[in-house]
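Report on the structure given below.
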Amino acid sequence: MKIRVDTVFYRIGQWIWIPLLLVGSWFAGYGYGNNYPILECVILRISGFPCPACGGSRAVYYLFTGNIYKSLQNNPIVIYGILAYMHFMGSYFFRHHFKEKESAGTKEIQISIYIYGAIAVLLIQWFVKILRILI
């Protein structure tokens, strides 16, 4: 029996959303303000240039406080991750609960597309941040 990668990711996705919501809510309410010095980017502090993940914790904070625009400004990978998660979970659910009845088998959802998209978003926002510093 072949184990499908999209099925493994779907099962993980079913269990991970509640803990992530709880941690994100805690972080927005108590964690960010109390732990800001710990969350400071070492690469930015040493080199003066941001790393690709710079702004990620602020993006999570602003997302969970309801400021989506500020979240996108700080690091759009957070919003991309949520949208990719919702798209994948919806696609998998639809394919396996509605379309499968029409056809015998469904094609596996390519996880690599989501990963390549995340890398592209991460690198583009990093490039823009570095350009802002240099200009």
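Residue numbers start at 1 and run along the sequence shown.
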Evaluate whether atom [atom1] of [X] has more than 12 neighbouring non-hydrogen atoms of other residues, nucleotides or ligands under 6.0 angstrom away.
X: Tyr114; atom1: OH; answer: yes
X: Leu123; atom1: CG; answer: yes
X: Arg45; atom1: CZ; answer: yes

Is [Y] reachable from [X] through a run of hydrophobic residues whose side-chain heavy atoms are each under 4.5 Å from the next?
X: Ile124; Y: Leu72; value: no
X: Phe64; Y: Leu22; value: yes
X: Phe9; Y: Leu83; value: yes
X: Ile82; Y: Ile113; value: no
X: Ile133; Y: Ile43; value: no

Taking the side chain as everything from C-beta on, heavy atoms only, tell me whether [X] gets closer than 4.5 Å to [Y].
X: Tyr69; Y: Asn67; value: yes
X: Tyr80; Y: Leu122; value: no
X: Ile109; Y: Tyr10; value: no
X: Lys2; Y: Glu108; value: yes
X: Tyr61; Y: Thr65; value: yes

Legend entry - Closest approach of Arg4 to Lys107 (non-hydrogen atoms, all atoms of both residues): NH2-O, 3.4 Å
Legend entry - For Ser71 against Ala59, the heavy-atom pair lying closest together: OG-O, 2.9 Å
Inset, instruction - Take His96 and Asp6 through the side chain to side chain contact (heavy atoms under 4.5 Å, CB included) test and state the conclusion after the steps. - result: CA-CA 11 Å; His96 288 81; Asp6 61 346; 4.2 Å; yes
Please table the atom pairs, donor to acceptor, closer than 3.5 Å between any side-chain atom in residues 12-19 and protein atoms at least two apart or in another chain.
| residue | atom | partner | partner atom | Å |
| --- | --- | --- | --- | --- |
| Gln14 | OE1 | Arg11 | NH1 | 3.2 |
| Trp17 | NE1 | Gln14 | O | 3.3 |

Legend entry - Check: Gly55 main-chain N/O paired with Asn75 side-chain donor or acceptor under 3.5 Å: no
Legend entry - Donor-acceptor pair, side chain of Gln125 and main chain of Pro52, under 3.5 angstrom: yes
Distance (rounded to the nearest 0.5 Å) between [X] [atom1] and [Y] [atom2]:
X: Ile79; Y: Gln73; atom1: CD1; atom2: CD; value: 12.0 Å
X: Lys129; Y: Cys51; atom1: NZ; atom2: SG; value: 8.0 Å
X: Leu63; Y: Asn74; atom1: CG; atom2: CG; value: 11.0 Å

Inset, instruction - May I ask you to list the residues sharing a hydrophobic cluster with Ile46, side-chain cutoff 4.5 Å, ordered by chain and number? - result: Val42
Legend entry - Ring geometry between Phe93 and His97 (parallel below 30°, tilted from 30 to 60°, perpendicular above 60°): parallel
Legend entry - Any donor-acceptor N or O pair under 3.5 Å, side chains Tyr92, Thr7: yes
Legend entry - Pairing residues for Ile130 by the side-chain contact (heavy atoms from CB on, under 4.5 Å) criterion, not counting sequence neighbours: Phe49, Pro50, Trp126, Leu134
